[in-house]
Amino acid sequence: MFVKTASVYGRSRQQFGHAADYSVIIPGMSTPAPAERAARLRQEIQQHSHRYHVLSAPVISDAEYDALYKELQALEAQYPELVTPDSLTQRVGGAASEKFEKVRHPAPILSLSNAFSTDEVRAWFERVARLDDRVRGAGFVVEPKIDGLTVVLHYENGAFVRGATRGDGEVGEEVTPNLRTVRSLPLRIPVTGKRKPPKRWVVRGEAVIFTKDFEAMNARLAEAGERTFVNPRNTASGALRQLDPKLTAARPISLLCYAVVDAEGLALDTQWATLETLREFGFPVTSAARRFADLEAAIAYCESWNDKRDSLDYEIDGMVIKIDDLRLAADLGFVGKDPRGAIAFKFPAREVTTALNDIGVNVGRTGVLTPFAILEPVEVGGVTVRQATLHNFDYIAEKDIRIGDRVLLKRAGDVIPYVIGPVLEARTGDERPYKPPQKCPTCGEAVEQPEGEVAYYCINAACPDQLIRNIEHFVGRGTMDVEGFGSKIAEQVVKAGLVKDAADIFSLTDKKLLTLEGFAGKKAENLLASIEAARSRPLARLVAALGIHGVGEVLAADLAAQLGSMDALQHASDEDLVAIEGVGPNTAATIADWFARPGNKRLLNKLKKAGVWPTVEVRPGAAAGGPFAGQTFVITGTLPDFSREQARAFIEERGGKVTDSVSKKTDYLVVGEAAGSKLTKAQALGVKIIDEAALRELGNID
DNA sequence: GATCCTCGAGTTCG
DNA sequence: CTCGAGGATC
């Protein structure tokens, strides 16, 4: 019999996915011995470390690397006899590559131990406080943990003379000419005020690409039809390791500094003073650093940034808590290579890699086939993701996504995760390219790709999945709004044969519903009451509910307002339709076509008989003279007191218009908590940005 | 004819 | 939120 390895090691299975040398199924065998496991971990970590530091081509994410590292640390803590002098926990793996001159750092460029929860931070504090009583009265500085490339900058008598990458922490690569192209790097420390630049001064900083610069750069590249970059960190790292500084200069690299590695002629006692002095000397320093007298306040500050991380100009993967007193911090010493005087409080990773196990296909209510990725479950942005949309089949081909690939998965400020692309370096050759299906995955009928369109369609009108989606849409919130009628029930009633088209929901009875699973008690009664209430929905909603391709909420409302009744719409000519703003020849033809189909005619007759047939539509009078007359608004994020709908109503009542996407024609962007890419776009376009309070202020009708 | 804009459609997890 | 497509606009 075949058994999987025990769950303790199950985690590594998903981290390595298909990696061929990493067998997870061992015939009738127990878990590997700790010594074997440690050796294997060391080998893996060494390999990944080399890829990361030397090749700048990691195949696993930082979070996964951290997890491996932690596992090895834990294993070595449990079995100290396993610790070898060459273990990576004793010495940082990877060495400087041959391309550049090597520079020995004046002092080791240390990394930090990580905490993934507030309790781990408290445990760290207790550990160091037991070592040294002074810690109990210590203050802390909290800074963002900037996700960039560590650089070490040497100054002599105020002049920038040398710059290096971190390398293995002892020896880095000299990339001075490249660093000189970084605009925010001071080439000379200015002699201002009372302080003279120190004789020697070695600064540690992080080379980053600001999010807005990164997006602008990618937008330019996309426009020019060139390949875009995957993320700011890899781009910055690659750019700094170019042999030709001109290539570096072409990338919008910035710098943020946070430590002094070595100094002569100026001594600093605290981290806070270090940051202030760096600022005073003209080095770019984060504005998000704060000083705290006690740990709990520091922890609270860390946590507050988890939600706000998008509001920073640069990417961070956590916060760092440092004991402010640098002498005390130094006295505490090290654990392995990690100083005890500071800890990194890591946020859940938002970009991870995982294995793409397969590609599935969904059928939408219009028959569109949408591929989705079936992923080895991974934690990203705090939730476990198993699936992600792949948008369409062109997307798969363009990104060259293959089954069995390791893929980079992102869950940005938004909620929905998506696959950025394959990790080419992790290819083993066993990946299979994907071909769009020739048959509908649910009904088996042939699929069609209309000329000039990207999408493939299942054209079988009787396709069961299409019907289920269609019913879901009909009863959905934006359309007929039948409370308590969700996708589960839609599937049940269709599969039981109770509903063959949307009109059938109005002939559902107690008796019929009670035959379904889970319909005991008052559930059927409640559902029927909700359906009853939906009979009298206004025309606009019914039109949207029909699911005519290309007719959504907005167009349906326009059609309803112009034509006034279901009868008028049903018999409208092409000419009548094209006269309506937003309807062109294509949409008009689609609408007329829909009404001409026999199945749809039957549906309409049934609806009419069921009394679902609105005849009068009154357009809500737009307040022409309101304070927002002629102005366009876009709402993003979560507003403090208004719901989306309330905010929309507030604006519309005052004559304003609310749209979904920011453009040059947008007058105001109303921002709430956790605003996403719309904010960035609005800033780029110079659109006025207001919050809810300002909106209320502007809309005050006095 | 090209460009900008708006709308629609599908979407993840808890 | 993302992408594609149709419509409006210059």
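Chain naming here is simple, since letters A, B, ... match the order of the sequence lines and numbering starts at 1 in each. The figures here come from the full heavy-atom set of this structure, side chains too, leaving out hydrogens, waters and symmetry mates.
- Ring geometry, A:Phe633 versus A:Tyr668: the interplanar angle falls under 30°, so the pair is classed parallel (tilted spans 30 to 60°).
- You'll find that the side chain of A:Glu581 is closest to C:dA8, out of C:dA8, B:dC13, B:dA9.
- The CD-P distance, from A:Glu553 to B:dC7, rounds to 11 Å in whole Å.
- Look at A:Lys488 and A:Glu491 and you find no salt bridge, because none of the NZ, NE, NH1 or NH2 atoms lies under 4.0 Å from a carboxylate O.
- For A:Asn362, counting side-chain heavy atoms from C-beta on, the closest listed nucleotide (B:dT11, B:dC7, B:dT12) is B:dT11.
- Remark: P of B:dA9 and CG of A:Leu369 are 16 Å apart, rounded to the nearest angstrom.
- When the C1' atom of B:dT11 is taken as reference, atom CG of A:Leu409 falls 13 Å away, rounded to whole Å.
- Within the 4.0 angstrom heavy-atom criterion, only backbone atoms of the sugar-phosphate kind lie near A:Ile548; the bases stay farther away.
- Electrostatic pairing of A:Asp501 and A:Arg602 does not count as a salt bridge here, judged by no charged N lying under 4.0 Å from a carboxylate O.
- Rounded to whole angstrom, the span from the CZ atom of A:Arg386 across to the C1' atom of B:dG14 amounts to 11 Å.
- Taking the six-membered ring where tryptophan is involved, the planes of A:Phe474 and A:Phe506 are perpendicular, since the angle between them exceeds 60° and thus also 30°.
- Of all nucleotides listed (B:dG10, C:dC1, C:dC3), B:dG10 comes nearest to the side chain of A:Thr370.
- The side chain of A:Thr366 sits closest to B:dA9 out of B:dA9, C:dA8, B:dT11.
- In this structure, of B:dG10, C:dG6, C:dG4, it is B:dG10 that holds the atom nearest to the side chain of A:Arg365.
- Rounded to a whole Å, the CD atom of A:Glu398 is 14 Å from the C1' atom of C:dT2.
- When distances are taken from the side chain of A:Asn392 to each of C:dG4, B:dT11, B:dC13, the shortest belongs to C:dG4.
- In this model, the phosphate group of C:dG7 is approached by a side-chain N or O of A:Asn586 to a distance below 4.0 Å at OP1 or OP2.
- Computed from coordinates, the A:Gln387 CD to B:dT11 C1' distance equals 10 Å when rounded to whole Å.
- Across the protein-nucleic acid pair, A:Ile420 atom CD1 and C:dC1 atom C1' stand 14 Å apart, rounded to whole Å.
- At whole-Å resolution of the value, OH in A:Tyr457 and P in C:dG4 are 13 Å apart.
- The residue among A:Gly364 and A:Thr384 whose nearest nucleotide of DNA chain B is located toward the 5' end is A:Gly364.
- Relative to the side chain of A:Thr587, the nucleotides C:dG6, B:dG10, B:dC7 differ in distance, and C:dG6 lies closest.
- Where A:Val658 and A:Pro371 meet DNA chain B, the nucleotide closest to each residue was compared, and A:Val658 sits on the side nearer the 5' end.
- If you check every strand for non-hydrogen atoms under 4.0 Å, A:His473 touches nothing.
- For C:dG4, the OP1/OP2 oxygens have no side-chain nitrogen or oxygen of A:His391 closer than 4.0 Å.
- With rounding to the nearest 0.5 Å, the separation of CG in A:Leu569 from CG in A:Leu546 is 8.0 Å.
- Comparing atom distances between the A:Thr389 side chain and each of C:dA5, B:dT11, C:dC3 picks out B:dT11 as nearest.
- If you check B:dT12, B:dC5, B:dG10 against the side chain of A:Lys664, the one that comes closest is B:dC5.
- Between atom CG of residue A:Asn586 and atom NE2 of residue A:His549 there is a gap of 10.5 Å, rounded to the nearest 0.5 Å.
- Between B:dC7, C:dC1, B:dC13, one nucleotide has an atom nearer to the side chain of A:Val554 than all others, and that is B:dC7.
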